[in-house]
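Throughout, a chain's letter reflects where its sequence line sits, starting with A, and its residues are numbered from 1.
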Amino acid sequence: MGGRTRKVLGVTAMAALLSLAPHAGLAAGGPTTVELGTLSRLFAPVPFDHAKHTGLAGSCAECHHHTLGEAPVDPNCARCHRANQPAKSVACRECHPAERFGAEYLARLAANPQLYHTGKPGLKGAYHQKCLGCHRAMGGPSGCEDCHPMTEKGEAFYHTGKYAPAPHKGGHEE
Amino acid sequence: MNRLVGRGFQPITSLTKPDGTRWSVKEKLLLGLTPQDYMAVQMRNPFNWLLWLIYAIGLPVLVGRFIYGLGWATHGSYDYPWGLFLAWGLFTMVPLSASGFMMGTTVELFGRKDFKPIERLGLLNGLLGYLFAVMFLQVDLGQPWRLIYPMFVSLGPAAVLFLVAWHVATYLSCQVAELVPAYSEWMGLPKAKKAIKSIVLGLTVAGIILSTLHQGALGALFTYAPGKVHPLWYSSTFQWFLFLNSAIFAGLSMLIVVSTLSKWFLRWRCDDNFKQNLDQLTVGIAKGAALALITYLVLKIIAIAHDNKWEYLFTGWGQWYVFEIAVGVIVPLILYTRAVRNESASLARLSAFIAVFGIALNRLNTALITFNWKLYQEVPHWREVVIVITVYATYIVVYRAILARLPILYTWKERS
Amino acid sequence: MKKIDRRIFLKGGLAGGAALAATGTAATAKGAGTFNGYPNSMGVLVDLTKCVGCRTCEAACNKEQGLPAPDKPFNDTSVFDEVREGGQKRRTTEKAYTVVNRYDVEGREGGPVYRKFQCNHCQEPACLTSCFVNAYKKTPEGAVIYNPKVCVGCRTCMVACPFYVPAYAYSSATNPVVKKCIMCYDTRLKFGRPPACVEACPQEVMTFGKRTDLIKLGHERIKANPGKYVDHLYGETEVGGTSWMYLSDVPFEKVGFDTTLGNQPIISYVKDFLGMVPVVLTVWPALFTGFHLLANRKEAKKKEEENKG
Ligand code: SF4
Ligand code: SF4
Ligand code: SF4
């Protein structure tokens, strides 16, 4: 059971953890390239061109919300998080849990009825919603493998590439 | 056989031969003919050739269904889980077999002994109809070997089908019991007959209860699918009663149909008592059927008014509905009424054939044709059709075989 | 707790019918349609606006449930162009417990809508209430699970399910069983873990949580994004409520949802019949024995008179 469980957990990983060190020259616009890869399993890590994206995004808050001290883009967030102190960390994983629906996180949500951010996406969801949301809106690349090539495990998982079903060997098709 | 009898052959009507010795079982099975004569009679009958043809094609397909599964024999549709096997074999066969409880009630309960000559035919029609409904069910069930699960292994008593299963099973045993007298006469076992005689009233009342409930339950099964059955054929409130009500004239009409067929094709087997009374009894049955039909018609209209479904009548489905009601209900109603007024048995017979067609149309409409009216029309796989014809042919073979032997169409004589 | 008792009661319902006893059935019919589910059951909120049609959930389900290999790779988007009988889109099959379909909605900004679809795990499931061998079970965790060991294969559950969910293993001759999503009960839900498809989705289209919380969350999301969503949580009330619920920015009927189902659980449509059962059982025997006596009294009299005359 356990092994399978782990695997499936891994399976879910299509993106990686932004390994942005808290001290990495924030004022200078952040690091140039970041490898997003700690969750990767079915897909290879994403070499994220941070410098390029800082140029494209209007403001850091577009992705980092309020954590850099800038006013958040979303007016709904701005109701509380006006321009204020930068957060201790700007790493995505700091707020977006890797195991969003794990028992532990769910218990934490349940134990804290005052909590406002109950619908906050997990790490993988945050990445994809953010990246893909923008890519689709701006006409950027939006296929899975445009950002991260599939690994062999991924091919097995999706029954594609080497593991693709033989053509016309359809079983019971209603 | 009709020809043989015309030439002076005497069919078996008692335990003993004219010379006083007893018929052996084998002789009785061969209808009192020598094996050679028996074969010759069988070969002469063109209907048997048709049966052979059906079996030649149908048996391999039927066997194939159990070897290769339902996906091979049917379209294996997920949207139409019930196909022709149940639409015809269960939902049509069962109402057409309601004659058993109708006749039992008339004769044993209401004391209408004048219907006695046709009572056993009514009972047999009921028994065989149910038996083959179960056969059809066995063909359709994914795991027929688990047929008894709902009875003993895992019970889901809150489900309508649970009630159907139990009631059909119990009712089948009731009907077997009700026909024991015919069998015991033929076999020469008078004790069994006596035993049944003492409980016949109980059996009959049980038969009414069970029939009321499971005929209704077959209708109620469709109330599980409010969005799938077309609204004109659906009524949460009345569905069960409509099915029960239509089963009454369905069973009676089917009885007229089989008695007519017996009169034509098994004339040699009918005794004078049957032949002479049949016309009058047919008119009597027609009266009952007409009453049931008029109730049904009114109820059908109430069901539409109750849920205010008039607007559906003006769609394509509405025309189909009007066709079903016109041909399957109004025409037989008129014909039956005239038949009763003019005491015309032949008109009643014509009406019966139409009514049987009408009820079949209604059940097929509910279960197959208007089912999933929002999706698409399922047309049964040819193998499915072949299997239905094969099983139904078996029903006819068994039916005919029993009629030719047991004292159903004739009265058993204690001595010849 | 009262509500749960009703379910047990319901199960006892027609037993009487079979045994020709009448106890309890009347209450069964009256009570139909009031069961609101287990208080702490889990559910999933599916936000259609987030789905990008990558079919990862389909792949995850295939793997988790050990289903046979698909006919086409799971990253093949040509499946969205497949049409079945009657111009229908793909549906769940014996090889796929969940499918994603694409809907091109006219006038929608941001392209087509993708809809992931599987068993909705109804609060008062039609499949369960129609099964005559009691093969289905609604677990306290919210899943509607199925026991293939007792299934006879009558397929009434497929007829009854208003969402056309259960499929049947027609391809098997020796052990055909119903095939449907079980909310990953055996391998995950039972242990408090989210379903495989939920966890695999890169877009986090699905939120797993307590059903009651999800209802709140859904309405909050509608409120927090004025003008974005249709103001309805599909599944909150449909056919008595479902554990899987949906948010959409286009009218639900445009993306494959049946919006005509109403809020009554399916079993409530059967209650008129169920209510009649005990009446027949108690009244009929007396009634018909009475008829018999009446009819025969006349006859007996007639005979007497004949004898006299
Ligand atoms: S969606 Fe269908 S199969 Fe699933 S629980 Fe509801 S009725 Fe049962
Ligand atoms: S919950 Fe589990 S069984 Fe159901 S669709 Fe998702 S992965 Fe498949
Ligand atoms: S995995 Fe998520 S985004 Fe991809 S098709 Fe399924 S629900 Fe949609």
Checklist entry - What residue in C:Gly111, C:Ala167, C:Pro194 has the most heavy-atom pairs under 4.5 Å with chain A? => result C:Pro194
Item to check | Distance-minimising heavy-atom pair for C:Phe208 and A:Phe101 | outcome: N-CE2, 3.1 Å
Next on the checklist: Nearest 0.5 Å, please: how far is CG in C:Asn75 from CZ in A:Phe157?
Outcome noted: 10.5 Å
Next on the checklist: Is it the case that over 12 heavy atoms from other parts of the model lie below 6.0 angstrom from the NZ atom of A:Lys52?
Outcome noted: no
Checklist entry - Measuring heavy-atom distances to chain A, does C:Lys216 have an atom under 4.5 Å in its side chain, in its backbone, in both, or in neither? => result neither
Checklist outcome for this item: Under 4.5 Å to a heavy atom of chain A? For C:Asn62 that would be side chain
Checklist outcome for this item: So CD of A:Glu99 and CD of C:Glu199: to nearest 0.5 Å the spacing works out to 6.5 Å
Item to check | Minimum-distance pair of heavy atoms, taken over all atoms of A:Pro165 and C:Asp71 | outcome: CG-O, 3.4 Å
Next on the checklist: Nearest 0.5 angstrom please: A:Cys144 SG to C:Arg55 CZ, how far?
Outcome noted: 11.5 Å
Item to check | Interatomic distance, C:Arg193 atom CZ to A:Leu106 atom CG [nearest 0.5 angstrom] | outcome: 12.0 Å
Next on the checklist: If you count heavy atoms of other groups shown closer than 6.0 angstrom to CZ of A:Arg108, is the number above 12?
Outcome noted: no
Next on the checklist: Tell me which one of A:Gln129, A:His128, A:Arg136 satisfies side-chain contact (heavy atoms from CB on, under 4.5 Å) with C:Val52.
Outcome noted: A:Arg136
Next on the checklist: Can a donor-acceptor pair be found, under 3.5 Å and without considering hydrogens, that links the side chain of A:Lys124 to the backbone of C:Cys201?
Outcome noted: yes
Checklist entry - Can you tell me how far CD of C:Glu204 sits from OH of A:Tyr127, rounded to the nearest 0.5 angstrom? => result 13.5 Å
Item to check | Top contributor to chain C contacts, counting heavy-atom pairs under 4.5 Å, from A:Gly119, A:Pro121, A:Gly102 | outcome: A:Pro121
Checklist entry - Which bit of C:Glu220 comes within less than 4.5 Å of chain A, counting heavy atoms only: side chain, backbone, both or neither? => result side chain
Next on the checklist: For a side chain to side chain contact (heavy atoms under 4.5 Å, CB included) check, start with the C-alpha distance between A:Thr118 and C:Asp213, then their side-chain angles and the critical distance, and finish with the verdict.
Outcome noted: CA-CA 9 Å; A:Thr118 50; C:Asp213 294 345; over 6 Å; no
Next on the checklist: Tell me if a side-chain donor or acceptor on C:Lys50 pairs with a main-chain N or O of A:Gly125 at a distance below 3.5 Å.
Outcome noted: no
Item to check | Residue C:Met42 versus chain A: region with a heavy atom under 4.5 Å | outcome: side chain
Next on the checklist: If you count every heavy atom of other residues, nucleotides or ligands that lies below 6.0 Å from C:Lys89 atom NZ, does the total exceed 12?
Outcome noted: yes
Next on the checklist: Nearest 0.5 angstrom please: C:Lys63 NZ to A:His159 NE2, how far?
Outcome noted: 8.5 Å
Next on the checklist: Determine whether a donor-acceptor pair (N or O, by modelled atom type, separation under 3.5 Å) exists between the side chain of C:Lys210 and the backbone of A:Ala110.
Outcome noted: no
